[in-house]
Amino acid sequence: MIKVDISKTRDFVEWDEVKALEPEVKKALEMLEHGTGEGNDYIGWMDLASRTLETTLISDIRETAAVLRKECDVVVVAGIGGSYLGARAVIEAFGNSFVQLVNDGRNPQILFAGHNISEDYLFELTQYLKGRRFGVINISKSGTTTETALAFRLLKKQCEEERGKETARRVIVAITDARRGAARTCADKEGYRSFVIPDNVGGRYSVLTPVGLLPIAVAGYDIEQLVRGAAEMEKMTSGAVAFEDNLSAVYAAARNALYRKGKKIEILVNFQPKLHYFSEWWKQLYGESEGKDGKGIYPSSVDFSTDLHSMGQWIQQGERTIFETVISIDKVRHSVLVPQDDENLDGLNFLAGRHVDEVNKMAELGTQLAHVDGGVPNIRITVPELTEYWLGQLIYFFEKACGISGYLLGVNPFNQPGVEAYKKNMFALLDKPGYEEESKNIKARLNKQA
Ligand code: PA5
């Protein structure tokens, strides 16, 4: 099972200090379970997994995935933030590190777009898609996000031109609001297959809705096991479970106890590069949920041992405002033994015959000891294996902990008012109709500065 070990935070916060947060955690869990806290119109994710298992959603998604898998060699997922990070996190966690870059003949290649506004990125993407059998999953809850709409506009045109309107209708799928937004209007008008993002699930909590499940199913992974894992974690982290046994409660309490002692930055660490995008998903989840009202633990991430050769120095001896949360995968999928070498020029024969993962695990342990000695508290989350079931558990574990943690911090963990600021300025600078007043003001401000 998944384990959370906070024993290496003891030099910085006593267990009693973590345990002292139990009443606050209990209150937070009650707020989540009874929907009495701030942002309570966005807690549909709480029992989403178990509810999904009682519906036909998984088979409906599999049916649509089968069409895309049959008719496409490449599927482009257009979305940003919560509308792409979860799918990418899961697909990259399971994918082969190399053949995912090209179609391996069994599963369509999954590419991502609509998460930046880079002209070069879009040029190279559209070039790459030329002559390929591609489809598009257009994901936007609001249906109005500039990055996604812009990419989709290009992809729709290219798909229709190259594959014909009829085929385009079969290989473009929309995942959006049930009623509102341009993506819904377009899907209904064109007759695309579509799935609904529930009103009460925010973007960063939506990986177990069709937002994540459809791309993951198209990529060839078992979405039922993913959802089953999450449903199991729902039970394991409910308010009825004792504080000490509730993994999300203990993690949320430990990180808040550390925060209250000045540890303002949390670094999510992995020793498996496949988890790089899992960290990106986690950063959005915690960053958007907690960073507001002048508060919040700053979520950052590193891939070890790679980043030990770049960020290791800072972590070991920089400002002591950080703590680490390590995701440790017990069992790797493949076996590679260190070979014997007669010349032994690199001096590595002492490792001959041993698994590479043993070296990695000792790097992990050695790093933990060094960083704790250097003043960095360490939380360790152990996952038995990278499978759909365990990843489903891990996703829900972090979601639940995030809800609890946000309430412990005293913020609404389910809104993101701050993300509107750049959009307003961008639209004003681009003279978007309706932004005339803002355009005038921002231009006057820039002229004054010039
Ligand atoms: O978590 C969030 O709410 C955001 O990251 C959104 O998911 C992101 O901005 C994309 O929004 P939309 O799905 O409306 O295009």
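Whatever order the structure lists them in is the order used to number ligands and atoms, beginning at 1. In this chain, numbering begins with 1 at the start of the sequence shown. What's counted below: heavy atoms across the whole structure, side chains too, no hydrogens, waters or symmetry copies.
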Q. Do Arg204 and Gln416 touch side chain to side chain, with heavy atoms closer than 4.5 Å?
A.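 Result yes, sub-4.5 Å side-chain heavy-atom pair found.
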Q.
Side chains of Thr176 and Arg184 only: does a donor on one sit below 3.5 Å from an acceptor on the other?
A.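 Judged by distance alone, the side chains do not pair up.
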Q | Pair Lys283, Ser301: side-chain N/O donor-acceptor within cut-off below 3.5 Å | A |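 Judged by distance alone, the side chains do pair up.
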**Q.** Note: Glu162-Lys157 ion pair, threshold 4.0 Å (strictly below)
**A.**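 Salt bridge between Glu162 and Lys157, a charged N being under 4.0 Å from a carboxylate O: no.
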Atom indices of ligand 1 within 4.0 angstrom of [X] heavy atoms, with elements:
X      : value
Lys141 : 12 (P), 13 (O), 14 (O), 15 (O)
Arg204 : 1 (O)
Ser83  : 7 (O), 12 (P), 13 (O)
Gln284 : 1 (O), 2 (C), 4 (C), 5 (O)
Ser142 : 12 (P), 14 (O), 15 (O)

**Q.** Within residues 148-201 or reaching into it, pairs that qualify as ring-ring contact (aromatic ring centres under 6.0 Å, His included) - sequence neighbours excluded
**A.**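 Sorted pair list comes back empty.
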Q: Could you point out which residue of Tyr42, Phe414, Phe398 forms a ring-ring contact (aromatic ring centres under 6.0 Å, His included) with Tyr205?
A: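 For Tyr205, the ring-ring contact (aromatic ring centres under 6.0 Å, His included) test succeeds with only one of Tyr42, Phe414, Phe398, which is Phe414.
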At what distance is the nearest protein heavy atom to [atom], and which residue and atom is it?
atom                    : result
atom 8 (C) of ligand 1  : Ile80 O, 3.5 Å
atom 1 (O) of ligand 1  : Glu288 OE1, 2.8 Å
atom 11 (O) of ligand 1 : Thr145 OG1, 3.5 Å
atom 7 (O) of ligand 1  : Gly82 N, 3.1 Å

Q. With ring centroids as reference points, do Tyr121 and His115 lie under 6.0 angstrom apart?
A.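 Yes: the rings meet the under 6.0 Å criterion.
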**Q.** Ring centre gap for Tyr277 and Trp281 strictly below 6.0 Å
**A.**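 No; Trp281 has its ring centre 6.0 Å or more from that of Tyr277.
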(Q) Is there a polar contact between ligand 1 and Thr148, counting only N or O atoms under 3.5 Å apart? (A)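 No, there is no polar N/O contact under 3.5 Å.
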Q.
So for Glu147, does at least one of its heavy atoms come nearer than 4.0 angstrom to any atom of ligand 1?
A.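 It does not; every heavy atom stays at 4.0 Å or beyond.
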